[in-house]
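Chain letters run A, B, ... following the sequence lines, proteins first, then strands; residues in each count from 1.
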There are 2 protein chains.
Amino acid sequence: MLTKSEENYIKEIYALEQKHKADVNTNLLAEKIETKASSVTDMLKKLAKKELLIYQKYKGVKLNSKGEKIALSVIRKHRLWETFLVEKLDFSWDEVHKVAEQLEHIRSEKLTNKLDVYLNFPKVDPHGNPIPDVNGKLIIIDAVCLDQFEIEEEGIFIEVKDESENFLKYLTKNNIVIGAKIKVLEKEEFDNSFKIEIDRKQFNISENVIKNLYLKK
Amino acid sequence: MLTKSEENYIKEIYALEQKHKADVNTNLLAEKIETKASSVTDMLKKLAKKELLIYQKYKGVKLNSKGEKIALSVIRKHRLWETFLVEKLDFSWDEVHKVAEQLEHIRSEKLTNKLDVYLNFPKVDPHGNPIPDVNGKLIIIDAVCLDQFEIEEEGIFIEVKDESENFLKYLTKNNIVIGAKIKVLEKEEFDNSFKIEIDRKQFNISENVIKNLYLKK
DNA sequence: ATTAATTTTTAGACACATCTAAATTATAAA
DNA sequence: TTTATAATTTAGATGTGTCTAAAAATTAAT
Ligand SMILES: [Mn+2]
Ligand SMILES: [Mn+2]
Ligand SMILES: [Mn+2]
Ligand SMILES: [Mn+2]
């Protein structure tokens with residue numbers, strides 16, 4: 001039986017492993033969890049003792065299959081709840097993440113699976129992130145980061161990585177919503193910003209925005 | 001910002017006040033919370049310091065209006081979630097209480113109120129207990145405990161107090177479900193058991209069962 | 001290959017919620 | 001009204017998760 005804190009560490013380690021395709025280091029994890037490096041070290045020792053990850057002093061950390069399974073279970077709950085909030089309770093996509101951070105720790109397999117049925121086995125959440133199924137399997141999203149696009153190339157926006165409220169509100173304001181067709185018009189070398197077109201409107205977006213948008217070519 | 005533990009104490013104190021119509025004493029509270037009396041004392045001091053209740057050494061405890069408001073908010077969430085689980089996710093009435101004990105601590109007024117809307121402002125939960133509205137107001141259930149019934153008297157079962165899984169399964173097995181018409185046939189003086197009739201079937205129920213059933217005359 | 005800078009870990013402390021055992025107060029019995 | 005019993009509180013300890021400050025290991029720079 002894991003605590004909420006332990007689940008959050010496991011979930012964050014999983015996310016960082018996916019993002020960096022490498023072992024996770026202490027400082028980065030501390031930043032993400034919003035805690036101090038010393039606290040991270042303590043927790044890693046505990047989780048290593050529980051055999052949920054491989055931890056070697058000064059060498060970073062990596063989930064084992066038991067840890068990965070837990071990560072996927074928490075992510076499954078998080079994304080199912082986000083989907084529920086948007087689809088059934090009429091939340092907007094920028095309001096759901098914080099609430100889901102709480103709901104993801106509710107312990108009831110029956111609840112999770114009944115929610116899945118009720119939502120008709122959704123494959124992705126409101127941010128386009130894949131939802132692990134009851135066995136922890138998730139579909140591969142065939143999406144490419146916008147920073148990989150050439151000038152004049154276009155695609156459909158299907159997944160966003162940053163789920164912070166401010167960022168999602170900014171996207172909404174600029175019609176950058178899931179399903180929108182985005183065309184790259186210009187690239188600025190000096191700051192890596194793009195000029196893009198959506199719905200015949202043209203405007204500039206910064207590198208920070210670009211890196212969080214994933215499109216289907 | 002209250003902890004889960006603090007919320008549970010507040011909720012339990014409220015329930016005991018309602019049941020006994022008197023100040024709540026330490027040992028009873030300890031039993032209900034499933035902890036030790038010394039832990040209860042510690043917590044009461046803390047909650048008194050936060051000005052959620054009136055506590056005097058050796059004299060018992062009583063919520064003030066701030067504490068009552070919190071109790072009602074937790075109860076509101078608990079009962080809305082139970083209703084959701086039964087109405088939308090197809091849980092049975094004996095499966096929901098434990099899950100609701102977790103869900104009642106989710107912090108989001110928006111979620112609670114949207115859930116209320118989604119369920120169409122239910123007045124009672126699956127056990128017939130009234131659900132406080134957004135202002136903490138709850139309807140008065142016009143129900144009388146079965147132990148107050150005379151021989152040959154009958155009524156409609158509308159509220160159950162004990163929500164333990166085993167008890168509710170026992171009731172279901174014997175067709176004692178919300179809405180059932182129950183008639184008292186005989187009373188046994190020596191053990192306070194009743195012989196009752198439901199759906200033309202007759203059987204005996206113990207005092208323990210009787211005390212938890214509330215009917216509309 | 002040393003030295004300097006950065007990262008990570010250890011040591012020691014604290015708040016929270018819990019416990020056991022002992023002391024205190026209230027209540028019931030003689 | 002004294003004594004015994006029961007209820008309640010206090011004292012001191014533990015486990016969890018966090019922190020700051022200091023020590024140790026790793027990595028980068030000279
Ligand atoms: Mn999210
Ligand atoms: Mn999401
Ligand atoms: Mn309940
Ligand atoms: Mn209920």
Side-chain angles (χ1 to χ4, degrees), chain A residues 1-14 16-17 19-20 22-63 67 70-71 74 101-102 104-107, chain B residues 1-14 16-17 19-63 67 70-71 74 101-102 104-105 107:
Chain A
M1 186 110 313
L2 298 188
T3 66
K4 187 182 289 191
S5 191
E6 289 170 331
E7 284 187 345
N8 282 333
Y9 273 87
I10 297 274
K11 183 181 65 152
E12 204 53 66
I13 293 166
Y14 181 88
L16 291 175
E17 277 179 9
K19 186 169 180 186
H20 300 293
D23 287 10
V24 177
N25 58 297
T26 305
N27 270 356
L28 183 56
L29 196 46
E31 193 190 319
K32 291 287 179 185
I33 303 270
E34 293 184 5
T35 184
K36 295 300 154 79
S38 56
S39 306
V40 170
T41 302
D42 285 348
M43 183 57 92
L44 293 183
K45 282 181 187 169
K46 185 147 60 108
L47 294 174
K49 205 162 152 194
K50 291 194 177 187
E51 298 187 77
L52 301 173
L53 46 76
I54 309 300
Y55 167 64
Q56 290 182 90
K57 272 192 192 180
Y58 298 100
K59 304 280 180 179
V61 70
K62 189 174 148 56
L63 294 182
I70 289 165
V74 176
E101 296 259 338
Q102 296 179 63
E104 73 190 7
H105 301 292
I106 301 292
R107 264 169 240 291
Chain B
M1 187 109 315
L2 299 187
T3 67
K4 187 183 288 191
S5 191
E6 290 170 329
E7 285 188 344
N8 282 333
Y9 272 88
I10 297 275
K11 184 181 63 151
E12 203 54 64
I13 292 166
Y14 181 89
L16 291 175
E17 277 179 8
K19 187 170 179 187
H20 299 294
K21 293 161 202 305
D23 287 12
V24 177
N25 57 299
T26 306
N27 270 356
L28 184 56
L29 197 45
E31 193 190 321
K32 290 288 179 184
I33 304 270
E34 291 184 27
T35 184
K36 295 299 154 81
S38 56
S39 307
V40 171
T41 301
D42 286 348
M43 182 59 91
L44 293 183
K45 281 181 188 169
K46 185 148 59 110
L47 293 175
K49 206 162 151 191
K50 292 194 177 189
E51 298 187 79
L52 302 173
L53 46 76
I54 309 298
Y55 167 64
Q56 292 182 91
K57 273 191 193 181
Y58 297 101
K59 304 280 180 177
V61 69
K62 189 175 149 56
L63 294 182
I70 290 166
V74 176
E101 296 259 3
Q102 297 179 62
E104 73 190 8
H105 301 292
R107 262 168 242 289

Exercise. Quick one: which of dT9(D), dT18(C), dT16(D) gets closest to the side chain of Thr3(A)?
Worked result: dT16(D)
For this session: Answer with base, sugar-phosphate or nothing: what part of the nucleic acid does Asn25(A) contact at a heavy-atom distance below 4.0 Å?
Result: sugar-phosphate
Problem set entry | Length of the CG-P vector between Leu29(B) and dT9(D), whole Å | 11 Å
Exercise. Heavy-atom distance under 4.5 Å between the side chains of Leu44(A) and Ile13(A), does that happen here?
Worked result: yes
Seminar exercise, completed: Residues Met1(A) and Glu6(A): closest non-hydrogen pair is O-OE1, 4.2 Å
Exercise. Nearest-Å distance, CG (Leu47(A)) to P (dT16(D))?
Worked result: 12 Å
For this session: Grab the CG-C1' distance between Leu44(B) and dT10(D) for me, whole Å please.
Result: 14 Å
Exercise. Just how far, in rounded Å, is P of dT9(D) from NZ of Lys59(B)?
Worked result: 11 Å
For this session: Figure out the CG/C1' separation between Asn8(B) and dC16(C), and round it to whole Å.
Result: 15 Å
Exercise. Of all heavy-atom pairs between Ala71(B) and Lys11(B), which one has the smallest distance, and what is that distance?
Worked result: CB-CA, 4.5 Å
For this session: Hey, could you give me the CG/NZ distance between Asp23(A) and Lys62(A), rounded to the nearest 0.5 Å?
Result: 6.5 Å
For this session: List the atom of Ile10(B), the atom of Leu63(B), and the distance in Å for their closest heavy-atom pair.
Result: O-CD1, 3.9 Å
Exercise. Does a side-chain N or O from Tyr55(B) land closer than 4.0 Å to OP1 or OP2 of dT9(D), or not?
Worked result: yes
Problem set entry | Nearest heavy atoms of Ser5(A) and Met43(A), plus distance in Å | OG-CE, 3.5 Å
For this session: Find the distance Asp23(B):CG to dT8(D):C1' and express it as a whole number of Å.
Result: 15 Å
Could you list the protein-to-nucleotides 22-25 of chain C atom pairs, N/O on both sides, closer than 3.5 Å?
unit_1  : atom_1 : unit_2   : atom_2 : d
dT24(C) : O2     : Tyr58(B) : OH     : 3.2
dT25(C) : O4'    : Tyr58(B) : OH     : 3.4

For this session: Take atom NZ of Lys49(A) and atom C1' of dG15(D), then tell me their distance rounded to the nearest Å.
Result: 11 Å
Problem set entry | Touch class at under 4.0 angstrom, heavy-atom based, for Lys4(A) against every strand present | nothing
Exercise. Where along residues 31-40 of chain B does a heavy atom come under 4.0 Å from DNA chain C, residue by residue in number order?
Worked result: Thr35(B), Lys36(B), Ser38(B), Ser39(B)
Exercise. Does Lys32(B) offer a backbone N or O that forms a donor-acceptor pair with the side chain of Glu12(B) under 3.5 Å?
Worked result: no
Exercise. Just how far, in rounded Å, is C1' of dT9(C) from CG of Asp42(A)?
Worked result: 9 Å
For this session: Check Leu47(A) against Tyr9(A) and note the closest heavy-atom contact, atom names and distance.
Result: CD1-CB, 3.9 Å
For this session: Indicate whether OP1 or OP2 belonging to dT10(D) is found under 4.0 Å from a side-chain N or O atom of Lys57(B).
Result: yes
Problem set entry | Residue-phosphate contact under 4.0 Å: Asn27(B) side-chain N/O, dT8(D) OP1/OP2 | yes
Exercise. So does Lys50(A) have more than 12 non-hydrogen atoms from other groups sitting under 6.0 Å from NZ?
Worked result: yes
Exercise. Of the non-hydrogen atoms in Arg107(B) and Leu2(B), which two are nearest, and what is the gap between them?
Worked result: NH2-O, 2.6 Å
Exercise. When all nucleic acid strands are considered with a 4.0 Å heavy-atom cut-off, which category describes Thr26(A): base, sugar-phosphate, or nothing?
Worked result: sugar-phosphate
